Amino acid sequence: MARIIRSLKRRFGIAAPRLTVQAHVPWYWRWLGMVAVGGLVVGVGWGAYEYGMELAGFRQSEAERAIARMSGEIRQRDTHILELRSQVASAERQLQIDRATYGDLSRQVKVLSEENAVLKEDLAFFQSLMVSGGKEAGLSINRFRVQPDTLPGEYRYRLLLVQSGQRVKEFQGALQFVVNLEQGDRKFILTLPAEGEKNAKDYQLSFKFFQRVEGTFKVAPGTVVKSLQVRVFEIGSITPKLSQLVSAS
């Protein structure tokens, strides 16, 4: 019973909680106030964000323009790089063509220089022949040479056949070459043209005053040409009319 009385005193006595009386506010005013406060908070936050972005020197639109500008520059540079690569490829092809042309011209110059030297020798020889008056009549072998050619195992020979005299007739005949070879301790002979060789017509002779003869032959790898002998046969004869032997230079 005493417990109940104490409980009533705490609720309704001096120690009882104070009662607050508030005026009644409609619900729509309360919601309107909350929306206003929320809008104010959002506005303050957005203003702070814009202010911070401006302080940092950064704007979304400016960033988009910068990205677009850099993308355009990258595309332009990519296009320029492709053009430069195309120009480099074209220049490399032109350089290869120029090198090939230079190589061909160099070979042509070498060949022409050699031919010019031979012509000068021929001119000097015929001038000396004219000075002598052609007193020594008959057939002769002049400037007979043999030397290695550009390819391995290939040799080139040159000679000039001259027929002098007051009343000479056309000489008809053929050439034969005898090549003395060495391969290690072994020595052997190669005859040109070989029997039944298809290009035997290259060794045929038909001239009245002179005929220049030039050609090549090949030997097996490791074979050394020691000397070369040329034999001149008159048509219908099996005995050489004259011959000459030279060493390989």
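Fair warning: this is a prediction, and the values are worked out from it, not measured in the lab. Basis for what follows: all heavy atoms, side chains included, without hydrogens, waters or symmetry-related copies. FYI, the numbering just counts along the sequence from 1.
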Approximate separation, where rounding is to 0.5 Å, of Ser247 OG and Gln147 CD: 13.5 Å
Of all the heavy-atom pairs spanning Val225 and Ala248, show the shortest one and how long it is. O-CB, 3.2 Å
Name all pairs fulfilling the salt bridge (charged side-chain N to carboxylate O under 4.0 Å, His left out) condition that reach into residues 232-248, sequence neighbours left out, sorted by first residue then second. Glu234-Lys241
Would you call Tyr157 and Val213 a side-chain contact if the rule is heavy atoms closer than 4.5 Å? yes
Can you tell me how far apart CD (Gln76) and OG (Ser71) are? Round to the nearest 0.5 Å. 11.0 Å
Under the 4.5 Å side-chain heavy-atom rule for ILVMFWY, direct or indirect, which residues accompany Ile189? Val178
For residues Thr216 and Asp149, is any side-chain donor paired with an opposing acceptor at under 3.5 Å? no
Side chains of Leu245 and Asn180: does their closest heavy-atom pair fall under 4.5 Å? yes
is_close_aromatic(Phe217, Phe177), centroid dist under 6.0 Å: no
Determine the minimum heavy-atom distance between Pro193 and Leu175, stating which atoms define it. CD-O, 3.8 Å
In sequence, state the C-alpha distance, the side-chain angles, and the governing distance for Ser206 and Glu170, and then conclude on side chain to side chain donor-acceptor pair (under 3.5 Å). CA-CA 7 Å; Ser206 178; Glu170 187 173 1; 2.8 Å; yes
If you look at every heavy atom in Lys218 and Leu190, which pair is closest and at what distance? O-CD2, 4.4 Å
Report yes if the side chains of Phe233 and Ile238 come closer than 4.5 Å at any heavy-atom pair, otherwise no. no
So if you build clusters from Ile, Leu, Val, Met, Phe, Trp, Tyr with side-chain heavy-atom gaps below 4.5 Å, do Phe188 and Val179 land together? yes
Sidechain-backbone polar pair: Ser113 side chain, Val109 backbone, donor-acceptor under 3.5 Å: yes
Which atom pairs, donor and acceptor, lie under 3.5 Å between side-chain atoms of residues 77-105 and protein residues at least two apart or in another chain?
unit_1, atom_1, unit_2, atom_2, d
Thr79, OG1, Arg75, O, 2.9
Gln94, NE2, Asp98, OD1, 3.0
Thr101, OG1, Ile97, O, 2.8
Asp104, OD1, Arg107, NH2, 2.3

Check the pair Glu154 / Arg156 against side-chain contact (heavy atoms from CB on, under 4.5 Å), numbers first and verdict last. CA-CA 7 Å; Glu154 186 175 65; Arg156 178 173 295 276; 5.6 Å; no
Can you give me the closest heavy-atom contact between Gln204 and Gln211, atom names plus distance? O-NE2, 3.7 Å
With side-chain contact (heavy atoms from CB on, under 4.5 Å) as the criterion, how do Gln176 and Gln229 come out once you've worked through the C-alpha distance, each side chain's angles and the decisive distance to 0.1 Å? CA-CA 8 Å; Gln176 183 186 65; Gln229 183 186 41; over 6 Å; no
I want to check something: taking the side chain as every heavy atom from C-beta on, are Thr150 and Lys110 in contact at a cut-off of under 4.5 Å? yes
Looking at every heavy atom in both Gly222 and Gln183, which two are closest together, and how far apart are they? O-CG, 3.8 Å
For the residue pair Phe207 and Phe171, does the interplanar ring angle fall in the parallel (under 30°), tilted (30 to 60°) or perpendicular (over 60°) class? tilted
Given 3.5 Å as the limit, does a donor-acceptor pair link the side chain of Gln163 with the main chain of Lys208, or not? yes
Would you please test Asn142 and Gln244 for side-chain contact (heavy atoms from CB on, under 4.5 Å) and show each step? CA-CA 9 Å; Asn142 299 274; Gln244 187 174 338; over 6 Å; no
Is the cationic atom of Arg212 (NZ for Lys, CZ for Arg) positioned less than 6.0 Å from the six-membered ring centroid of Phe210 and within 45 degrees of its normal? no
Measure the shortest side-chain to side-chain distance between Leu242 and Ile141 over non-hydrogen atoms and say whether it is less than 4.5 angstrom. yes
Is the shortest side-chain heavy-atom distance between Lys187 and Lys226 below 4.5 Å? no
